[in-house]
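Residue numbers begin at 1 in each chain, while the letters A, B, ... track the order of the sequences.
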Amino acid sequence: MLELKLVKESLFLNVLEAILDLVAVASVSCSSTGLKLQAMDAKGVAFISLLIPAKEFQFYHCDKDLSMGIAIGDMVEAIRSADKDGTITIKASDENFRNITVSIESPECNETTSFSLLLVTLKRFCIPELQGLLKKYDACVQMPSVDFMRICKYLSNVDGDVDISTIDKGIRFFALGKCGCLNVKYMQPEKATDIDISVQAPVSLTLDLKYMNSFAKVSALSNQVKLCLSKGQPLVVQCKIGQKTKSRIIYLLAPKIKG
Amino acid sequence: SRKQTKLSAFFSEK
(Lines give C-alpha, C1' and ligand atoms only; values in the text may rest on other atoms or scores of the structure.)
Protein backbone atom coordinates (compact mmCIF):
# COMPACT_ATOMS: atom_id res chain seq x y z
CA MET A 1 0.00 0.00 0.00
CA LEU A 2 1.10 3.55 -0.77
CA GLU A 3 -0.01 6.62 1.09
CA LEU A 4 1.52 10.06 0.70
CA LYS A 5 0.42 13.40 2.00
CA LEU A 6 1.42 16.84 0.80
CA VAL A 7 0.26 20.44 0.87
CA LYS A 8 -0.92 22.07 -2.33
CA GLU A 9 2.06 24.43 -2.50
CA SER A 10 4.50 21.51 -2.46
CA LEU A 11 7.56 20.89 -4.55
CA PHE A 12 6.08 17.76 -6.15
CA LEU A 13 2.93 19.48 -7.37
CA ASN A 14 4.86 22.56 -8.58
CA VAL A 15 7.10 20.29 -10.65
CA LEU A 16 4.09 18.43 -12.07
CA GLU A 17 2.52 21.77 -13.09
CA ALA A 18 5.77 22.75 -14.80
CA ILE A 19 6.08 19.57 -16.89
CA LEU A 20 2.48 19.37 -18.07
CA ASP A 21 3.12 21.15 -21.35
CA LEU A 22 5.41 18.24 -22.27
CA VAL A 23 3.72 15.20 -20.78
CA ALA A 24 0.24 14.27 -19.56
CA VAL A 25 0.87 10.70 -18.43
CA ALA A 26 3.78 9.31 -16.44
CA SER A 27 5.15 6.10 -15.02
CA VAL A 28 5.43 6.51 -11.25
CA SER A 29 7.44 4.04 -9.16
CA CYS A 30 7.30 4.14 -5.39
CA SER A 31 9.45 2.38 -2.84
CA SER A 32 10.08 2.90 0.86
CA THR A 33 12.81 5.46 0.03
CA GLY A 34 10.81 7.71 -2.28
CA LEU A 35 9.06 8.37 -5.53
CA LYS A 36 10.42 8.23 -9.06
CA LEU A 37 8.49 9.60 -12.02
CA GLN A 38 9.42 8.96 -15.64
CA ALA A 39 7.63 10.29 -18.68
CA MET A 40 8.14 10.64 -22.41
CA ASP A 41 6.47 13.29 -24.52
CA ALA A 42 3.96 12.10 -27.15
CA LYS A 43 6.45 12.54 -30.00
CA GLY A 44 9.14 10.49 -28.26
CA VAL A 45 11.60 13.40 -28.36
CA ALA A 46 11.91 14.41 -24.69
CA PHE A 47 12.17 12.29 -21.55
CA ILE A 48 11.73 13.43 -17.96
CA SER A 49 12.98 11.68 -14.85
CA LEU A 50 12.00 13.07 -11.46
CA LEU A 51 13.20 11.74 -8.12
CA ILE A 52 11.70 12.88 -4.82
CA PRO A 53 12.87 11.24 -1.56
CA ALA A 54 10.22 10.10 0.94
CA LYS A 55 11.20 12.77 3.49
CA GLU A 56 10.13 15.55 1.11
CA PHE A 57 6.50 14.61 1.68
CA GLN A 58 4.50 15.63 4.72
CA PHE A 59 3.74 11.93 5.20
CA TYR A 60 5.01 8.99 3.16
CA HIS A 61 4.38 5.30 3.58
CA CYS A 62 5.07 2.61 1.01
CA ASP A 63 5.34 -0.99 2.26
CA LYS A 64 5.66 -2.62 -1.15
CA ASP A 65 7.34 -1.40 -4.35
CA LEU A 66 4.71 -0.14 -6.80
CA SER A 67 4.85 0.97 -10.39
CA MET A 68 1.85 2.68 -11.99
CA GLY A 69 0.86 4.64 -15.06
CA ILE A 70 -0.79 7.87 -13.92
CA ALA A 71 -2.58 10.51 -15.97
CA ILE A 72 -0.79 13.34 -14.16
CA GLY A 73 -2.65 15.92 -16.26
CA ASP A 74 -5.97 14.71 -14.84
CA MET A 75 -4.49 14.48 -11.34
CA VAL A 76 -3.15 18.04 -11.38
CA GLU A 77 -6.44 19.29 -12.86
CA ALA A 78 -8.30 17.68 -9.94
CA ILE A 79 -5.96 19.26 -7.39
CA ARG A 80 -5.87 22.76 -8.97
CA SER A 81 -9.18 23.83 -7.47
CA ALA A 82 -8.05 22.92 -3.92
CA ASP A 83 -7.42 25.69 -1.40
CA LYS A 84 -3.73 26.68 -1.31
CA ASP A 85 -3.39 25.49 2.30
CA GLY A 86 -5.36 22.31 1.65
CA THR A 87 -3.85 18.88 2.32
CA ILE A 88 -3.68 16.33 -0.46
CA THR A 89 -3.49 12.59 0.20
CA ILE A 90 -2.71 10.11 -2.57
CA LYS A 91 -3.41 6.42 -1.92
CA ALA A 92 -2.92 3.23 -3.90
CA SER A 93 -3.82 -0.14 -2.45
CA ASP A 94 -2.67 -3.63 -3.41
CA GLU A 95 -6.21 -5.05 -3.34
CA ASN A 96 -7.55 -2.77 -6.04
CA PHE A 97 -4.62 -1.88 -8.23
CA ARG A 98 -6.69 -0.30 -10.98
CA ASN A 99 -6.93 3.20 -9.62
CA ILE A 100 -5.50 5.67 -7.14
CA THR A 101 -7.45 7.85 -4.76
CA VAL A 102 -6.64 11.54 -4.44
CA SER A 103 -8.26 13.19 -1.41
CA ILE A 104 -8.27 16.93 -0.79
CA GLU A 105 -8.92 18.17 2.74
CA SER A 106 -9.72 21.82 3.44
CA PRO A 107 -7.43 23.75 5.85
CA GLU A 108 -10.19 23.66 8.52
CA CYS A 109 -10.53 19.88 7.98
CA ASN A 110 -14.32 20.22 7.60
CA GLU A 111 -14.46 19.31 3.90
CA THR A 112 -12.93 16.33 2.11
CA THR A 113 -13.18 15.66 -1.61
CA SER A 114 -12.01 12.36 -3.09
CA PHE A 115 -11.17 11.57 -6.69
CA SER A 116 -10.64 8.10 -8.00
CA LEU A 117 -8.29 8.09 -10.99
CA LEU A 118 -7.95 5.05 -13.21
CA LEU A 119 -4.38 3.91 -13.78
CA VAL A 120 -3.18 3.82 -17.39
CA THR A 121 -0.97 1.38 -19.29
CA LEU A 122 2.30 2.87 -20.49
CA LYS A 123 5.18 1.75 -22.63
CA ARG A 124 8.30 1.77 -20.49
CA PHE A 125 11.68 2.82 -21.76
CA CYS A 126 14.96 1.38 -20.72
CA ILE A 127 17.10 4.43 -20.02
CA PRO A 128 20.71 3.72 -19.05
CA GLU A 129 21.76 4.63 -15.55
CA LEU A 130 21.66 8.41 -15.70
CA GLN A 131 24.64 9.26 -13.51
CA GLY A 132 26.82 7.09 -15.75
CA LEU A 133 25.40 8.83 -18.79
CA LEU A 134 26.39 12.23 -17.40
CA LYS A 135 30.04 11.20 -16.93
CA LYS A 136 30.46 10.34 -20.59
CA TYR A 137 29.61 13.73 -22.03
CA ASP A 138 31.93 15.90 -24.15
CA ALA A 139 30.92 19.16 -22.51
CA CYS A 140 29.09 20.15 -19.33
CA VAL A 141 27.84 23.58 -18.34
CA GLN A 142 26.78 24.25 -14.78
CA MET A 143 25.05 27.61 -14.55
CA PRO A 144 22.55 29.57 -12.40
CA SER A 145 19.03 28.68 -13.57
CA VAL A 146 18.21 32.40 -13.91
CA ASP A 147 20.92 32.61 -16.61
CA PHE A 148 19.48 29.56 -18.38
CA MET A 149 15.96 30.99 -18.21
CA ARG A 150 17.11 34.37 -19.54
CA ILE A 151 18.92 32.75 -22.46
CA CYS A 152 15.84 30.60 -23.27
CA LYS A 153 13.70 33.75 -23.12
CA TYR A 154 16.04 35.50 -25.61
CA LEU A 155 15.93 32.42 -27.83
CA SER A 156 12.15 32.24 -27.71
CA ASN A 157 12.07 35.52 -29.67
CA VAL A 158 13.32 33.50 -32.61
CA ASP A 159 10.96 30.74 -33.68
CA GLY A 160 12.91 27.70 -34.75
CA ASP A 161 15.85 25.60 -33.63
CA VAL A 162 18.81 26.37 -31.42
CA ASP A 163 22.39 25.30 -32.04
CA ILE A 164 24.38 24.83 -28.84
CA SER A 165 28.13 24.68 -29.53
CA THR A 166 31.30 24.74 -27.51
CA ILE A 167 33.65 27.69 -28.14
CA ASP A 168 36.93 28.68 -26.52
CA LYS A 169 36.27 28.89 -22.73
CA GLY A 170 32.53 28.89 -23.19
CA ILE A 171 29.41 27.88 -25.01
CA ARG A 172 27.37 29.49 -27.76
CA PHE A 173 23.61 29.45 -28.32
CA PHE A 174 22.58 30.33 -31.87
CA ALA A 175 19.02 30.48 -33.20
CA LEU A 176 18.00 31.18 -36.76
CA GLY A 177 14.37 32.04 -37.50
CA LYS A 178 12.28 33.70 -40.17
CA CYS A 179 12.71 37.17 -38.64
CA GLY A 180 16.48 36.97 -38.09
CA CYS A 181 19.02 35.28 -35.87
CA LEU A 182 20.16 35.43 -32.27
CA ASN A 183 23.57 34.67 -30.84
CA VAL A 184 24.40 34.24 -27.13
CA LYS A 185 27.95 33.58 -25.97
CA TYR A 186 28.16 32.28 -22.41
CA MET A 187 31.74 32.27 -21.10
CA GLN A 188 33.51 30.92 -18.01
CA PRO A 189 34.16 33.98 -15.80
CA GLU A 190 37.41 34.15 -13.83
CA LYS A 191 35.87 34.49 -10.39
CA ALA A 192 32.29 33.18 -10.36
CA THR A 193 31.87 29.96 -8.41
CA ASP A 194 28.38 29.13 -9.62
CA ILE A 195 29.41 28.76 -13.27
CA ASP A 196 31.46 25.80 -14.40
CA ILE A 197 32.01 25.13 -18.09
CA SER A 198 34.07 22.06 -18.87
CA VAL A 199 34.82 20.99 -22.42
CA GLN A 200 36.51 17.64 -23.09
CA ALA A 201 35.87 17.74 -26.85
CA PRO A 202 34.21 20.19 -29.27
CA VAL A 203 30.51 19.50 -29.72
CA SER A 204 27.54 21.08 -31.44
CA LEU A 205 23.88 20.04 -31.12
CA THR A 206 20.75 21.32 -32.87
CA LEU A 207 17.65 21.24 -30.68
CA ASP A 208 14.00 22.24 -30.92
CA LEU A 209 13.51 25.52 -29.02
CA LYS A 210 10.01 24.57 -27.89
CA TYR A 211 11.47 21.89 -25.60
CA MET A 212 14.18 24.19 -24.28
CA ASN A 213 11.50 26.60 -23.11
CA SER A 214 9.68 23.81 -21.29
CA PHE A 215 12.93 22.87 -19.54
CA ALA A 216 13.47 26.48 -18.52
CA LYS A 217 10.10 26.44 -16.73
CA VAL A 218 11.18 23.67 -14.37
CA SER A 219 14.61 25.19 -13.82
CA ALA A 220 12.74 28.10 -12.17
CA LEU A 221 12.32 25.72 -9.21
CA SER A 222 16.07 25.31 -8.84
CA ASN A 223 19.09 27.57 -8.29
CA GLN A 224 21.40 25.72 -10.61
CA VAL A 225 21.05 23.84 -13.86
CA LYS A 226 23.52 21.57 -15.60
CA LEU A 227 23.57 20.98 -19.37
CA CYS A 228 25.56 18.04 -20.73
CA LEU A 229 26.29 17.67 -24.42
CA SER A 230 27.88 14.98 -26.51
CA LYS A 231 28.19 14.61 -30.25
CA GLY A 232 25.10 12.99 -31.79
CA GLN A 233 23.62 12.20 -28.36
CA PRO A 234 20.59 13.59 -26.53
CA LEU A 235 21.08 16.78 -24.53
CA VAL A 236 20.86 16.18 -20.78
CA VAL A 237 19.49 18.94 -18.54
CA GLN A 238 19.76 18.27 -14.83
CA CYS A 239 18.47 20.29 -11.87
CA LYS A 240 18.50 19.71 -8.14
CA ILE A 241 15.15 20.98 -6.99
CA GLY A 242 14.60 23.15 -3.95
CA GLN A 243 17.00 24.01 -1.15
CA LYS A 244 18.70 21.34 0.99
CA THR A 245 16.90 18.49 -0.75
CA LYS A 246 18.00 15.48 -2.73
CA SER A 247 15.16 15.90 -5.20
CA ARG A 248 16.28 16.14 -8.77
CA ILE A 249 14.91 16.27 -12.25
CA ILE A 250 16.65 15.15 -15.41
CA TYR A 251 15.56 15.87 -18.96
CA LEU A 252 16.80 14.17 -22.10
CA LEU A 253 16.17 15.83 -25.45
CA ALA A 254 16.86 14.09 -28.77
CA PRO A 255 18.86 16.31 -31.18
CA LYS A 256 18.00 17.25 -34.74
CA ILE A 257 20.32 15.93 -37.43
CA LYS A 258 21.05 16.90 -41.02
CA GLY A 259 18.14 15.57 -43.07
CA SER B 1 16.96 21.06 -43.34
CA ARG B 2 17.21 19.22 -40.04
CA LYS B 3 15.34 16.12 -39.03
CA GLN B 4 14.15 15.54 -35.48
CA THR B 5 15.45 12.26 -34.02
CA LYS B 6 13.56 10.23 -31.44
CA LEU B 7 14.92 9.02 -28.11
CA SER B 8 14.03 5.45 -29.08
CA ALA B 9 16.96 5.67 -31.53
CA PHE B 10 19.28 6.00 -28.53
CA PHE B 11 17.55 3.86 -25.91
CA SER B 12 15.78 0.55 -26.19
CA GLU B 13 12.12 0.05 -25.33
CA LYS B 14 11.13 -2.45 -22.66
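- For the pair B:Q4 (side chain) and A:K43 (backbone), a donor-acceptor distance under 3.5 Å is absent.
- You'll find the side chain of A:K256 stays beyond 4.5 Å of the side chain of B:K3, heavy atoms only.
- Judged by distance alone, with hydrogens and angles left aside, the side-chain atoms of B:T5 form a donor-acceptor pair with the main-chain N or O of A:P255 at under 3.5 Å.
- Annotation: side chain of B:L7 is in contact with side chain of A:M40 (closest heavy-atom distance under 4.5 Å).
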